[in-house]
*Asks:* 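Would you mind keeping the following structure in view while I ask a few things?
Excluded from the calculations below are hydrogen atoms, water molecules and symmetry mates; all remaining heavy atoms, backbone and side chain alike, are included. Starting from 1, each residue takes its place in the sequence as its number.
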Amino acid sequence: MFAHRLRPEHVDAVRNLFAPRKPRHPLLRIAVGLVGLALLAVLVVIGLFVGVAMLAGGLLLRLLRTRGQPIARPARDSRAVEAEYRLVGKTALPSGR
């Protein structure tokens, strides 16, 4: 009985049940293609607006969090090295040959 359930013709029938089929009529085939392209365009536009809304929301939250806080001045870096420099002309540089 178990082998009866797994016969190849039954597997193919179930697989073909969910397989997308193209219509045979040329105009209907073009119409289905255009509907697919329109659906793709709508999804891209919706995704674009959702992305822009997320970026704008993040920027707005960042602005609201920093509102009212004093702007910190950069502290002097203790690792900086004080030195004197002099400008060397091009003629004093050794040639790369």
*Asks:* If the condition is side-chain hydrogen bond (donor to acceptor under 3.5 Å, both in side chains), which residues does E82 pass it with, not counting sequence neighbours?
*Replies:* R76
*Asks:* L60: which other cluster members, linking ILVMFWY side chains closer than 4.5 Å, directly or transitively?
*Replies:* L64
*Asks:* Quick one: side chains of residues 30-56, donor-acceptor pairs under 3.5 Å with protein atoms, not counting sequence neighbours, listed by atom name and distance.
*Replies:*
none

